[in-house]
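So the structure is just underneath, and the comments pick up after that.
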Amino acid sequence: MLDVKLLRANFSEVKEKLNNRNEDISDLDRFQELDQKRRDTIQEVEELKNKRNSVSQEISVLKREKKDADALIKEMKEVSTKVKSLDDILRSVDEELNQILLSIPNIPHESAPIGLDEEDNVEIRTWGNIPQFEFEEKPHWDIATELGILDFERASKVTGSRFVFYKGQGARLERALINFMMDLHQDENGYEEVLPPYMVNRVSMTGTGQLPKFEEDAFKIREEDYFLIPTAEVPVTNLHRDEIMDGNELPKAYTAYSACFRSEAGSAGRDTRGLIRQHQFNKVELVRFVKPEESYDQLELLTSHAEKVLQLLKLPYRVLNMCTGDLGFTAAKKYDIEVWIPSNNTYREISSCSNFESFQARRANIRFKRDMKGKTEFVHTLNGSGLAIGRTVAAILENYQQADGSVVIPEVLRPYMGGKEVIK
RNA sequence: GGAGGAGUACCCAAGUCCGGCUGAAGGGAUCGGUCUUGAAAACCGACAGGCGGGUUAAACCGCGCGGGGGUUCGAAUCCCUCCUCCUCCGCCA
């Protein structure tokens, strides 16, 4: 959610910046009109309430002195009727205004390159060497199926398409990655571990920006107004919803493992094979609550934490600065980290590190105080994958595959794999 | 799932039956001060925070007793509804 005062004061400037996004912002035009109407109505109704309050006191005194108050009561009855109708108007204006504000995307940061779509994202750096195979390399689903560590067919039977069974060393590898990453972020990078609920309510989904616009991308629990989380970002960011944090405790960093559930309406036909695009996948998430002035340094730090995972796994990757058209709804700036996937002969997204500035904090009402006397301010929130586990498995299987169909286990994972060096 | 009970400011807590100088008593914690070599204790003082409107900034005004509606001239107090927590029963990993 944008700062209403900023929007009010710099309307055309904000609109211009939002126009660089690949989003529909047509709702914006009604903002000014409604905002003015809201303020006019508030002034009118509060004046009447003020009158009602003071006269009610007078009535109270008259009653106590057993004097006649009928005239005043009659007059206040009319005032109250008027108040009620103005309150009704205000309520509906507020409602509409709020819907508009919730549907406006974040303002891109000046360091986000202006562009239309993924073609315009800017590669910032690459790391590692792309492997050269002296045999015909296979896609991970073939490697895994032959090794008997992933079973897509039975998952289709048991559930449906875009689900998978991990089996044997595959399941062990997935679990090893989760533990390896969680340990790294907790022990080396200073994050506090949390294990969140996998379902959240509507308010939480609205707080981080998944709702109201992207409801069809989420799985909805039928009996309750709950949603399966598309990422641990949702429950973890909402940990501090409606709270005033202590400025001395910032930056506050959490890491969370969770399963993630995405319906992804509209993605049918893309990445239909393998682990790249599943309805359910595992992810280790990083979330940071920080002071506004430090949030861009914090984004670099967060991104470095995600990159560190790939470096330790010795997987080649690159980092992209996402252009304004490809930023997504909530981010002011976003780095995508893409890992090399040999079967695709390209890099694929494995982490997305974003600075939301105060966009989520306003929606979720997450504030802080610098000290006891200070004013409350909105925190800045950031998050990033650290990393998506399924895609990491895919990357390992493909980058570490051997001519005989076996897969070498990255060294850092071996302690988590019972000392095993190869999956065969 | 069934039956009861409860949500008041940072924490505890009075007030709710019987609506009106309670636009929220009291205590604790916290902050400031007196005293002290320093600290503790005692005593004195400050403590509704927050959001919205308004203003260059103030002043000022509105809203706040779990959330949202309603009744009334007037609601912490009456009515409806939802949420959360506690106790007991049932079921269950």
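Order of the sequence lines sets the chain letters (A, B, ...), proteins ahead of strands, with each chain counted from 1. Atoms considered below: every heavy atom in the structure, side chains included; atoms not considered: hydrogens, waters and symmetry mates.
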Select one nucleotide: of [options], the one nearest the side-chain heavy atoms of [X].
| X | options | result |
| --- | --- | --- |
| A:Ile42 | B:rG50, B:rG52, B:rG74 | B:rG52 |
| A:Met76 | B:rC63, B:rC73, B:rG54 | B:rC73 |
| A:Arg39 | B:rG53, B:rU84, B:rC73 | B:rG53 |
| A:Lys84 | B:rU71, B:rG49, B:rG52 | B:rU71 |
| A:Asp88 | B:rG50, B:rC63, B:rG70 | B:rG70 |

(message) Check A:Glu44 with A:Lys51, please: is the shortest side-chain N to carboxylate O separation under 4.0 Å?
(response)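 Result for this pair is no, no salt bridge flagged.
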
(message) So that I can tick it off, tell me whether A:Lys74 and A:Asp70 are bridged by a salt bridge, with the cut-off set at under 4.0 angstrom between side-chain N and carboxylate O.
(response)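 A salt bridge is absent here (no side-chain N lies under 4.0 Å from a carboxylate O).
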
For residues 413-423 of chain A, which side-chain N or O atoms pair as donor and acceptor with protein atoms under 3.5 Å away, sequence neighbours left out?
residue  : atom : partner  : partner atom : Å
A:Arg414 : NE   : A:Ile409 : O            : 2.8
A:Arg414 : NH2  : A:Ile409 : O            : 2.9
A:Tyr416 : OH   : A:Asp183 : OD2          : 2.7

Does [X] put a side-chain nitrogen or oxygen below 4.0 Å from OP1 or OP2 of [N]?
| X | N | result |
| --- | --- | --- |
| A:Arg64 | B:rC21 | no |
| A:Thr376 | B:rC51 | yes |
| A:Lys63 | B:rG20 | no |
| A:Arg38 | B:rG53 | yes |
| A:Ser80 | B:rG74 | yes |
| A:Asn50 | B:rG62 | yes |
| A:Asn53 | B:rC61 | no |
| A:Gln57 | B:rG74 | no |
| A:Lys369 | B:rG50 | yes |
| A:Arg91 | B:rG69 | yes |
| A:Arg367 | B:rC51 | yes |

Nearest whole Å is fine: how far is [N] [atom2] from [X] [atom1]?
| X | N | atom1 | atom2 | value |
| --- | --- | --- | --- | --- |
| A:Asp94 | B:rG53 | CG | P | 10 Å |
| A:Glu44 | B:rG53 | CD | P | 17 Å |
| A:Ile59 | B:rC21 | CD1 | C1' | 15 Å |
| A:Asn365 | B:rG67 | CG | P | 14 Å |
| A:Asn98 | B:rG52 | CG | C1' | 14 Å |

(request) Specify whether A:His279 and A:Phe163 have parallel, tilted or perpendicular ring planes, treating 30° as the upper limit for parallel and 60° as the lower limit for perpendicular. (result) tilted

(request) Look at the rings of A:His185 and A:Tyr191 and say which category their plane angle falls in: under 30° parallel, 30 to 60° tilted, over 60° perpendicular. (result) perpendicular

On a whole-Å scale, what distance lies between the [atom1] atoms belonging to [N] and [M]?
| N | M | atom1 | answer |
| --- | --- | --- | --- |
| B:rU71 | B:rG19 | C1' | 12 Å |
| B:rU8 | B:rG66 | C1' | 10 Å |
| B:rC80 | B:rA93 | P | 39 Å |
| B:rC47 | B:rC60 | P | 15 Å |

(message) What's A:Arg8 touching, base or sugar-phosphate or nothing? Going by heavy atoms closer than 4.0 Å.
(response)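 The answer is sugar-phosphate, as A:Arg8 gets under 4.0 Å only of primed atoms, P, OP1 or OP2.
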
(message) So, under a plain 3.5 Å distance rule, would you say the side chain of A:Glu46 forms a donor-acceptor pair with the base of B:rG52?
(response) yes

(message) Under a plain distance cut-off of 3.5 Å, with no hydrogens placed, do A:Glu398 and A:His140 share a side-chain donor-acceptor pair?
(response)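 A:Glu398 and A:His140 do have a side-chain donor-acceptor pair below 3.5 Å.
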
(message) In this structure, is the centre-to-centre distance between the rings of A:Phe329 and A:Phe214 below 6.0 Å?
(response)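 Distance test on ring centres: under 6.0 Å, yes.
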
(request) With syn defined as a glycosidic angle within 90° of 0 and anti as everything else, classify B:rG5. (result)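 Base orientation: anti.
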
(request) Please confirm whether the backbone N or O of A:Gly328 pairs with a side-chain atom of A:Arg21, one donor and one acceptor, at under 3.5 Å? (result) yes

(message) On the six-membered ring of A:Tyr254, is A:Lys252 placed so that its NZ or CZ lies under 6.0 angstrom from the centre and within 45° of the ring axis?
(response) yes

(message) Counting runs of three or more consecutive pairs, Watson-Crick or G-U wobble, with each distance below 3.5 Å, where are the stems of RNA chain B?
(response)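 Result, WC/G-U stems under 3.5 Å: B:1-7 with B:83-89, B:10-12 with B:26-28, B:30-34 with B:42-46, B:50-53 with B:60-63, B:66-70 with B:78-82.
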
